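Taking it in order: structure first as structure tokens, then the write-up.
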Amino acid sequence: MRDPDKPQQIIDAAIRVFARHGYYNSRVSDIAKEAGMASGTIYLYFKTKDDILVTLFREKMAQWVVAVGMAIADAPDAAAKIRRLVALHLRMLEDDPDLAEVVQVELRQGHKFFRGASAHEITAYFALIETVLEQGIAAGLIRPDVPVKVATKMLFGAVDQVATSWVLGKRHYRLSDTADAVADIFLKGVER
């Protein structure tokens, strides 16, 4: 019988292994060793190393979208929601440097990753941002001529690039300290 905790144990081990050695230099046997199990056990839950990576991203991103949605729900307006979203995004990565390494660097090396395996999860995050922007337009806080889809990608792209630079720069500063600047610059471009 399968252990329902094993997949999460494997994913957690994979995050540590991928962050330490890089996705392409990691083997399923490395993940198994890190998880404290036999290599064959991994194959009871995942078909390939790619399957582990895709599942890892889908699971973490789905959890992330739900958590951010709940965390920004009670913010008083669209600007406050955007500020909170940016701060949460950056703090989550700062608080888990191994996950940040995997999400910001290792996932990007997989060809077609963002067009295939992750499309649904990225779309859900974009939909959350779009909803906030549309609320801001409806409330008169954001200019009505702002192209919501473009602004969504710009906000995500800005946060994503700041996070990637932090990871590649070996984290010599607090990522969360950049949140206000990122939100301010974005909001100055879209607010009325």
Side-chain angles (χ1 to χ4, degrees), residues 8 11-12 14-20 22-23 53-110 113-114 117-136 141-142 146-191:
Q8 189 59 55
I11 286 171
D12 292 343
I15 291 170
R16 293 188 300 273
V17 170
F18 295 159
R20 212 171 29 243
Y23 175 75
L53 184 66
V54 169
T55 302
L56 175 163
F57 181 80
R58 284 183 171 160
E59 197 175 277
K60 295 296 180 185
M61 194 66 184
Q63 292 168 358
W64 170 243
V65 171
V66 169
V68 170
M70 290 184 342
I72 69 172
D74 66 346
D77 59 37
K81 288 179 185 201
I82 287 169
R83 288 183 184 287
R84 196 175 291 174
L85 182 143
V86 170
L88 288 168
H89 188 131
L90 296 175
R91 190 175 329 116
M92 184 228 16
L93 294 172
E94 180 179 74
D95 289 347
D96 193 342
D98 287 345
L99 181 62
E101 181 80 29
V102 173
V103 171
Q104 297 304 130
V105 178
E106 296 305 320
L107 279 173
R108 312 306 170 95
Q109 296 179 40
F113 182 78
F114 283 102
S118 69
H120 177 74
E121 289 72 21
I122 293 292
T123 300
Y125 193 35
F126 284 4
L128 178 63
I129 297 169
E130 287 174 11
T131 299
V132 171
L133 292 172
E134 289 165 353
Q135 290 170 353
L141 297 170
I142 294 177
V146 168
V148 172
K149 290 199 179 301
V150 173
T152 295
K153 290 174 183 153
M154 287 178 67
L155 179 60
F156 177 81
V159 174
D160 187 60
Q161 182 56 43
V162 167
T164 299
S165 294
W166 177 76
V167 169
L168 295 176
K170 303 302 177 204
R171 304 177 286 275
H172 293 299
Y173 56 92
R174 289 177 43 85
L175 181 60
S176 56
D177 288 347
T178 66
D180 286 339
V182 172
D184 284 344
I185 292 166
F186 177 78
L187 288 168
K188 284 184 189 336
V190 299
E191 284 181 320

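Owing to the predicted nature of the structure, the values given are computational and were not obtained by experimental measurement. Residue indices begin at 1 and follow the sequence shown.
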- Item | CG-CE distance between Leu133 and Met154, expressed to the nearest 0.5 angstrom | 11.0 Å
- Message: For Lys149, is there any backbone N or O sitting under 3.5 Å from a side-chain donor or acceptor partner on Glu130?
- Response: no
- Val167 and Val105: which non-hydrogen atoms are nearest, and at how many Å? CG1-CG2, 3.7 Å
- Message: What I'd like to find out is whether the side chain of Ile122 reaches to under 4.5 Å of the side chain of Phe57, using heavy atoms alone.
- Response: yes
Under 3.5 Å donor-acceptor pairs involving side-chain atoms of residues 92-101, not counting sequence neighbours:
residue	atom	partner	partner atom	Å
Glu94	OE1	Ser176	OG	2.9
Glu94	OE2	Leu175	N	2.6
Glu94	OE2	Ser176	N	3.1
Glu94	OE2	Ser176	OG	3.4
Asp96	OD1	Leu99	N	3.2

- Query: Considering residues, nucleotides and ligands other than Met61, do more than 12 of their heavy atoms fall under 6.0 Å from its CE?
  - Reply: yes
- Query: Are side-chain heavy atoms of Asp77 and Gln135 found at a separation under 4.5 Å?
  - Reply: no
- Message: The test is side chain to side chain contact (heavy atoms under 4.5 Å, CB included); show your working for Glu134 and Val148 and say whether it passes.
- Response: CA-CA 7 Å; Glu134 289 165 353; Val148 172; 4.1 Å; yes
- Item | Straight-line distance of Glu191 CD to Asp184 CG, nearest 0.5 Å | 8.5 Å
- Task: In sequence, state the C-alpha distance, the side-chain angles, and the governing distance for Leu53 and Val102, and then conclude on side chain to side chain contact (heavy atoms under 4.5 Å, CB included).
- Result: CA-CA 9 Å; Leu53 184 66; Val102 173; 4.1 Å; yes
- Are the side chains of Gln8 and Glu59 in touch, meaning some heavy atoms are under 4.5 Å apart? yes
- Message: Determine whether Ser165 and Gln161 satisfy the following criterion, side-chain hydrogen bond (donor to acceptor under 3.5 Å, both in side chains), listing intermediate values before the conclusion.
- Response: CA-CA 6 Å; Ser165 294; Gln161 182 56 43; 3.0 Å; yes
- Message: Using 0.5 Å steps for rounding, measure from the CZ atom of Phe18 to the CD1 atom of Ile11.
- Response: 10.0 Å
- Non-hydrogen atoms of Val182 and Ala158 that approach each other most closely: CG1-CB, 4.3 Å
- Message: Using side-chain heavy atoms (C-beta onward) and a distance below 4.5 Å, is Leu90 in contact with Asp177?
- Response: no
- Query: Hey, are the side chains of Arg84 and Asp74 touching, using non-hydrogen atoms and a 4.5 Å cut-off?
  - Reply: yes
- Item | Rounded distance [0.5 Å steps], CD1 in Ile129 versus CG in Leu85 | 5.5 Å
- Message: Using side-chain heavy atoms (C-beta onward) and a distance below 4.5 Å, is Val17 in contact with Arg20?
- Response: yes
- Have Gln104 and Asp160 got a donor and an acceptor in their side chains that come within less than 3.5 Å? yes
- Query: Yes or no on side chain to side chain contact (heavy atoms under 4.5 Å, CB included) for Leu88 and Trp64, after CA distance, side-chain angles and deciding distance?
  - Reply: CA-CA 10 Å; Leu88 288 168; Trp64 170 243; 3.6 Å; yes
- Query: Quick one: does Leu128's side chain get under 4.5 Å of Ile72's, heavy atoms only?
  - Reply: yes
- What are the two closest non-hydrogen atoms of Leu141 and Ala78, and how far apart are they? CD1-N, 4.1 Å
- To the nearest 0.5 Å, tell me how far Lys60 NZ sits from Leu107 CG. 12.5 Å
- Task: To the nearest 0.5 angstrom, please state how far the CD1 atom of Ile82 sits from the CZ atom of Phe186.
- Result: 5.0 Å
